[in-house]
Amino acid sequence: MSAAEGPLVVGVDTSTQSTKALVVDAATGEVVASGQAPHTVSSGAGRESDPRQWWDALREALHQCGDAAREAAAVSIGGQQHGLVTLNERGEPVRPALLWNDVRSAPQARRLTEELGGAKFWAERTGSVPAASFTVTKWAWLAEHEPQALRATKAVRLPHDYLTERLTGEGTTDRGDVSGTGWWASGTETYDEEILAHVGLDPALLPRVVRPGEVAGTVRDSHDLPFAKGTLVAPGTGDNAAAALGLGLRPGTPVLSLGTSGTVYAVAKRRPTDPTGTVAGFADAHGDWLPLACTLNCTLAVDRVAALLGLDREAVEPAADVTLLPYLDGERTPNLPNASGLLHGLRHDTTAGQLLQAAYDGAVHSLLGALDLVLDEDADRSAPLLLIGGGARGRAWQQTVRRLSGRPVQVPEAKELVALGAAAQAAGLLTGEDPAAVARRWNTTRGPVLDAVERDEKTLARIAGVLSDAAPLLERSTDAH
Ligand SMILES: Nc1ncnc2c1ncn2[C@@H]1O[C@H](COP(=O)(O)OP(=O)(O)O)[C@@H](O)[C@H]1O
Ligand SMILES: O=C(CO)[C@@H](O)[C@H](O)COP(=O)(O)O
């Protein structure tokens, strides 16, 4: 037996690149054991993963946790948002999942927006104007390109739903993750029958939306994970909503997450409805809202630039007048799904380190541009930004965010805030507490605060100028994609 004070809970983050599992003492928040296993994502025009890999990675991550995982009294799965998982009558994937960063459905996003009353209609109805990331556009893409796969589909799930269902045997989701589908009406908190009918998706194929604090099910008999039959399973949620829980986030505190995606968000009491489409009006996993802006090019794009230059990711030099828009995967914020990377201002004396710094600047510029839009008017604009995700460990990321935001930056010591948030949700099931209050009790935001420095307005203005002048080029796709 472990020496934990309280019951043990397991929190999982099944994100784009890997699945991470934490075994956490529900009384103290101490991480008793952890594990991580990678997934593969297809390259080329699309971004797809086989959902069965997520299960295998979960099994491997739990195996790394050793005996502690066997003692878990409750478990919760947080996962990458938006991915379209299509299952046949046996619950097997019909085809690989289409992921959030697959921009092939950009034409469907444009078409659906126009066909159903325009951007304002979508923002009012679902909280968001659908971009290529949203599940509804992926379903429309499948209908057009693979009608046979559509016909074989007997259940539609999100990534976290898929794993939860394999644990419990029941098709469930939660309000946080379902709010990123494009077929959930955020005003009424129900599936939107008009939108579903428009895209030819039978609501019977969709999972039940479990309420915050409700049990999604219990671990069933036949599985190959170390959990005992009957272990409680929490609703789970999307990864950003899980991190919000994991930080015990209160309204108005901004978060910047640097992972495969870059995201900026805050908890809000008011339901977001941004008709420009910059801010997605997600629900959180708690009963409030999570206005959020997301970029497709963050740590992977900058690491790629470093690799091309043959540099360590920390080998930056002050960026001079060179601008690099690192839109290697197309971009969502700003909405340029066909874009590719763009370099401007290269001179004989430009160094590789300056080019690398320019990539960081380009990635952070997009996120900070959306920061004011996700905050309510009464939010304190001088409060520290909470910096999380794998990139938050990097000094170059930290310094770039400080310089371009002009705000203090707090870097929590806790590394896996998505998995911690899932663990807090599982703990809340056992104790009846609000999961965000559990996370506050665990003191998950503890970590150094880096003072504010003067905001680098010159660099921000230069990047904005290149972005605006290069608009026609950035809207054009290259031949290969
Ligand atoms: N010490 C570090 N400095 C900078 N970046 C890092 C560091 N450690 C990990 N990363 C970056 O973090 C990314 C993974 O972040 P993570 O939040 O786990 O991603 P995701 O949840 O999207 O799979 C990797 O792409 C890597 O570039
Ligand atoms: O699409 C979004 C948010 O809308 C992404 O944030 C995904 O949820 C993927 O997350 P990571 O794998 O980067 O954590």
Side-chain angles (χ1 to χ4, degrees), residues 12-20 34 36-41 47 49 54 57 61 78-84 97-103 127-128 130-135 137-138 158-160 176-177 179-182 237-244 246 255-265 277-283 290-307 312-316 326 329 331-333 356 359-360 363 367 370 374 387-401 411 414-421:
V12 173
D13 172 11
T14 181
S15 54
T16 315
Q17 296 187 58
S18 66
T19 292
K20 305 148 195 178
S34 64
Q36 177 167 2
H39 322 134
T40 55
V41 176
R47 293 286 177 274
S49 290
W54 304 332
Q80 55 172 312
Q81 292 183 244
H82 309 297
L84 175 66
L98 295 163
L99 304 189
W100 62 279
N101 51 353
D102 188 328
V103 291
S128 309
S133 292
F134 282 66
T135 330
T137 72
K138 299 181 186 302
L158 293 165
H160 107 261
D177 220 5
S179 69
T181 56
T237 192
D239 52 5
N240 291 291
V255 180
L256 201 74
S257 172
L258 305 169
T260 314
S261 63
T263 59
V264 58
Y265 55 87
T278 302
V279 177
F282 298 144
L290 199 70
L292 176 149
C294 174
T295 62
L296 301 185
N297 298 284
C298 194
T299 55
L300 281 183
V302 171
D303 281 356
R304 179 73 189 130
V305 173
D312 181 88
R313 61 159 78 100
E314 297 293 355
V316 289
D329 263 333
E331 195 36 280
R332 170 165 154 195
T333 308
L356 179 57
Y360 280 97
L367 288 167
V374 304
L387 197 65
I388 66 166
R393 309 278 121 220
R395 189 179 144 77
W397 280 112
Q398 292 172 2
Q399 297 309 325
T400 305
V401 171
V411 188
K415 285 198 183 71
E416 301 300 343
L417 283 148
V418 175
L420 261 185

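Scope of the values below: all heavy atoms of this structure, side chains included, with no hydrogens, waters or symmetry mates. Both counts, for ligands and for their atoms, begin at 1 and track the order of listing.
Ranking protein heavy atoms by distance to atom 22 (O) of ligand 1, first place goes to Thr260 OG1, 2.5 Å. At the top of the distance list for atom 9 (C) of ligand 1, counting protein heavy atoms only, stands Gly390 O, 3.6 Å. The nearest protein atom to atom 2 (C) of ligand 2, hydrogens excluded, is given as Cys294 SG, 3.6 Å; this is a heavy-atom distance. Counting protein heavy atoms only, atom 1 (N) of ligand 1 is closest to Arg393 CB, 3.4 Å. Closest to atom 13 (C) of ligand 1 among all protein heavy atoms lies Thr299 OG1, 3.4 Å.
Counting heavy atoms under 4.0 Å from ligand 1, residue Gln80 does not touch it at all. Proximity of His160 to ligand 2, defined as any heavy-atom pair under 4.0 Å, is not found for any part of the residue. Neither the backbone nor the side chain of Gln17 comes within contact range of ligand 2; no heavy atom lies under 4.0 Å. With a 4.0 Å heavy-atom cut-off, ligand 1 is reached by the side chain of Asp303 but not by its N, CA, C or O.
Between Arg332 and ligand 2 there is a heavy-atom distance shorter than 4.0 Å.
No side-chain N or O of Asp239 forms a donor-acceptor pair with one of Ser15 less than 3.5 Å apart. For the residue pair Thr299 and Trp397, no side-chain donor N or O sits within less than 3.5 Å of a side-chain acceptor on the partner.
Among Gly390, Gly389, Ala280, Ser261, the residue whose heavy atom lies nearest to atom 6 (O) of ligand 2 is Ser261. Among Lys20, Arg304, Gln17, Arg313, the residue whose heavy atom sits closest to atom 18 (O) of ligand 1 is Lys20. Between Leu290, Asp177, Asp239, Thr16, it is Asp239 that holds the heavy atom closest to atom 8 (O) of ligand 2.
Residues meeting the side chain to side chain donor-acceptor pair (under 3.5 Å) test with Thr135, sequence neighbours left out: none. With sequence neighbours excluded, no residue forms a ring pair (Phe, Tyr, Trp, His ring centres under 6.0 Å) with Tyr265.
Against a heavy-atom cut-off of under 4.0 Å, Thr263 is close to the following atoms of ligand 2: 6 (O). Of all atoms in ligand 1, listed by their number and element, those nearer than 4.0 Å to a heavy atom of Ser15 are 20 (P), 21 (O), 23 (O). For ligand 1 and Gly389, the ligand atoms under 4.0 Å from any heavy atom of the residue are 17 (O).
In terms of polar-atom proximity, defined here as any N/O pair under 3.5 Å, Asn240 does make such a contact with ligand 2.
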